**Q** 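Here's a structure for you.
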Amino acid sequence: MKIEVLGTGCAKCQALSLHVKEAVAKKGIFAQVEKVEDIMKIMQYGVTSTPALVVDGVVKSSGKLLSVDEIVTLLS
């Protein structure tokens, strides 16, 4: 599973990245978690609001900070 956290380095983007890592650990799954700060890569996903969460190439959330439990649900 490949998980990308899209954002320009803002506080919410950094918090989402931490929440994603906690959710992956909580589920006990193996996932590659990557922070993407390159605006061109973010635009390729059609995301206009960050932070955004992308799982296996599919945008799951954009524009809000998800809780650990919300991320666990999205990873199910």
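Residue indices begin at 1 and follow the sequence shown. Small disclaimer: the values here were computed from a predicted structure and weren't measured.
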**Q** Would you say Ser61's side chain and Ala52's backbone share a donor-acceptor pair under 3.5 angstrom?
**A** no
**Q** Heavy-atom distance under 4.5 Å between the side chains of Leu6 and Val54, does that happen here?
**A** yes
**Q** Count the heavy atoms of every other residue, nucleotide or ligand shown that sit under 6.0 Å from CE of Met1, and state whether that count exceeds 12.
**A** yes
**Q** Measure the CD-CD1 distance between Gln32 and Ile3 for me, rounded to the nearest 0.5 Å.
**A** 9.5 Å
**Q** By side chain to side chain contact (heavy atoms under 4.5 Å, CB included), which residues pair with Thr73, not counting sequence neighbours?
**A** none
**Q** Please, which pairs that meet side-chain hydrogen bond (donor to acceptor under 3.5 Å, both in side chains) have at least one residue in residues 2-16, sequence neighbours excluded?
**A** Glu4-Tyr45
**Q** Only counting residues at least two apart or in another chain, list the ones meeting salt bridge (Lys or Arg N to Asp or Glu O under 4.0 Å) with Lys27.
**A** none
**Q** Main chain of Leu66, side chain of His19: is a donor-acceptor contact present, judged purely on distance under 3.5 Å?
**A** yes
**Q** Apply the test side chain to side chain contact (heavy atoms under 4.5 Å, CB included) to residues Leu53 and Leu74: give CA-CA distance (whole Å), side-chain angles for both, the deciding distance (0.1 Å), then the verdict.
**A** CA-CA 10 Å; Leu53 178 65; Leu74 288 174; 3.9 Å; yes
**Q** Assess whether side chain to side chain contact (heavy atoms under 4.5 Å, CB included) is satisfied between Asp69 and Lys26, documenting all intermediate values.
**A** CA-CA 9 Å; Asp69 290 332; Lys26 188 173 185 176; 2.6 Å; yes
**Q** Going from CD on Glu37 to SG on Cys13, what distance comes out if it is rounded to the nearest 0.5 angstrom?
**A** 8.0 Å
**Q** Tell me whether Ser76 contacts the main-chain N or O of Val72 through its side chain, where contact means a donor paired with an acceptor under 3.5 Å.
**A** yes
**Q** Would you say Val20 ends up clustered with Ile29 if hydrophobic residues are merged whenever their side chains have heavy atoms under 4.5 Å apart, either directly or through other cluster members?
**A** yes
**Q** Name the residue from Ile71, Leu75, Val68 that meets the side chain to side chain contact (heavy atoms under 4.5 Å, CB included) definition with Val24.
**A** Leu75
**Q** Measuring from Glu70:CD to Leu65:CG, what's the distance to the nearest 0.5 Å?
**A** 8.5 Å
**Q** Please check if Val59 and Val36 belong to a single hydrophobic cluster, counting links between Ile, Leu, Val, Met, Phe, Trp and Tyr side chain heavy atoms closer than 4.5 Å.
**A** yes
